[in-house]
Amino acid sequence: MTTRTHPPGPPPPHDPDDERLPCGRMLSRVWADWEDGATDAHTADCPHCREAVADLDRLETTVRALRDDTAGYDAAPLTRRVMDVVRMELRPGRPLPLGDHDEDLWVMEAAAARTLRAAAERVPGVRAGSCRFAPGPAGGARGPVAVRIEVHAPLSTPDLHVLAGEVRRRVLGAADRLLGLDVTDVDIRITDLVEEPDGAPDGRTEGGPR
Amino acid sequence: MTGQDGLTQALANAVREVPGVAFLQPGMTHLLRSGHGGTGAGGASSAGLRVSRGGPGGAWRVEVRIVTLSGARAADVARAAGSAARACLASHGPAGEAQIRVTVTGTV
């Protein structure tokens with residue numbers, strides 16, 4: 001099995017919702033690093049980066065307070081959905097074509113990736129990691145795309161090829177039914193085998209690629 | 001309010017009505033950075049809908065950015081949003097060619 005690292009790419013230069021901080025770092029990168037726990041000497045010392053992180057923290061607090069105000073209503077999913085929307089705005093990726101080749105409809109890569117990862121995870125025990133898109137063989141901005149998705153599979157899987165086939169079926173189905181994204185290839189990369197949380201012989205819980 | 005602001009507002013309202021559209025992209029990063037509470041319920045946040053025209057009498061260009069409901073098919077919602085925007089433009093704006101681009105930026 002091959003593993004490849006996918007270093008986070010910079011947001012598209014024309015993205016109006018990203019911002020370069022006075023220290024030169026992109027806001028999206030500072031937030032992403034903070035979420036991933038990847039701080040470096042710069043972020044520790046830089047007042048701009050620290051302020052950017054404080055802003056994100058404040059947003060989360062505000063959303064949480066909103067939830068607390070609504071007595072008896074569990075809005076934890078709302079919090080997550082709001083933060084998902086913010087994150088997708090910061091790191092949208094590039095637009096992918098929806099519908100027919102002559103239409104002007106698009107879906108941002110981050111949104112499509114989320115949908116396809118969720119579809120892969122409908123296969124029991126599968127945890128999806130990175131989901132990337134590349135132009136398909138036909139090429140062109142409106143042509144079909146190829147998908148590469150990394151997953152963790154359950155250790156107990158008897159036949160990984162069969163599992164990969166099931167994941168591929170789900171991803172293709174979601175691309176068509178939920179998105180309307182024309183996909184030529186789905187490359188499934190099984191990057192790890194993990195213990196399942198229930199019924200594992202030694203009772204360990206499994207971790208996902210996130 | 002200039003004519004174009006009214007048109008932008010009308011377009012935003014038309015797109016919001018389309019089944020499967022959760023909301024226009026809120027541009028939350030701008031909201032956060034500016035420290036303000038919100039754009040107002042009726043506003044077309046600049047991130048969600050942009051209208052421009054290539055000179056007087058030139059082609060209209062409308063860019064729509066929407067977040068869709070996860071149960072709906074993104075391409076169908078985007079198509080319907082584009083049709084709604086086109087119909088709104090035809091009835092509110094002066095005549096002219098129009099390019100309407102719809103981008104789905106997320107699902108909820």
Side-chain angles (χ1 to χ4, degrees), chain A residues 11 15-19 21 26-28 31 51-52 54-60 62-63 66 77-78 80-100 103-115 118-119 174-182, chain B residues 15 18 20-39 45-50 52 59-86 89 97-108:
Chain A
D15 180 3
D17 285 329
D18 203 347
E19 179 182 326
L21 300 174
M26 300 305 294
L27 176 63
S28 55
W31 284 13
E51 193 197 333
D55 282 346
L56 181 62
D57 211 32
R58 221 171 291 136
L59 175 66
E60 267 193 296
T62 305
V63 173
L66 194 75
L78 168 67
R80 197 155 49 237
R81 293 206 308 271
V82 169
M83 294 312 297
D84 282 344
V85 171
V86 173
R87 271 185 222 109
M88 273 199 282
E89 280 192 15
L90 291 179
R91 291 176 281 167
R94 76 179 196 284
L96 304 174
L98 286 181
D100 300 328
E103 296 186 278
D104 201 358
L105 313 173
W106 306 83
V107 59
M108 296 310 280
E109 192 172 7
R114 264 189 78 216
T115 299
D176 180 43
R177 277 185 308 102
L178 298 180
L179 295 177
L181 179 70
D182 190 1
Chain B
V15 169
V18 172
V21 172
F23 41 83
L24 294 174
Q25 183 182 8
M28 291 184 79
T29 52
H30 281 311
L31 291 177
L32 182 64
R33 299 296 285 171
S34 72
H36 292 136
T39 58
S45 70
S46 61
L49 203 142
R50 289 194 175 102
S52 61
W60 288 97
R61 185 182 168 83
V62 181
E63 298 197 39
V64 183
R65 293 156 73 90
I66 53 175
V67 174
T68 59
L69 298 177
S70 54
R73 190 169 182 259
D76 296 343
V77 176
R79 185 176 298 124
S83 299
R86 193 170 292 278
L89 196 62
E97 270 189 47
Q99 183 194 351
I100 301 186
R101 167 165 294 172
V102 184
T103 302
V104 176
T105 60
T107 58
V108 289

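Residue numbering restarts at 1 for every chain, and letters A, B, ... go by the order of the sequence lines.
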Heavy-atom cut-off 4.5 Å, strictly under: side chain, backbone, both or neither for [X] against chain A?
{"X": "B:A72", "value": "backbone"}
{"X": "B:S70", "value": "backbone"}
{"X": "B:I66", "value": "neither"}

For the student: nearest non-hydrogen atoms of [X] and [Y], plus distance:
{"X": "B:A75", "Y": "A:G180", "answer": "CB-CA, 3.9 Å"}
{"X": "B:R73", "Y": "A:D176", "answer": "NE-O, 2.7 Å"}
{"X": "B:Q99", "Y": "A:D104", "answer": "NE2-OD2, 3.0 Å"}

Q: State which residue, out of B:V104, B:T103, B:D76, fulfils the side-chain contact (heavy atoms from CB on, under 4.5 Å) condition with A:L98.
A: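 Between A:L98 and the candidates, side-chain contact (heavy atoms from CB on, under 4.5 Å) is satisfied uniquely by B:V104.
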
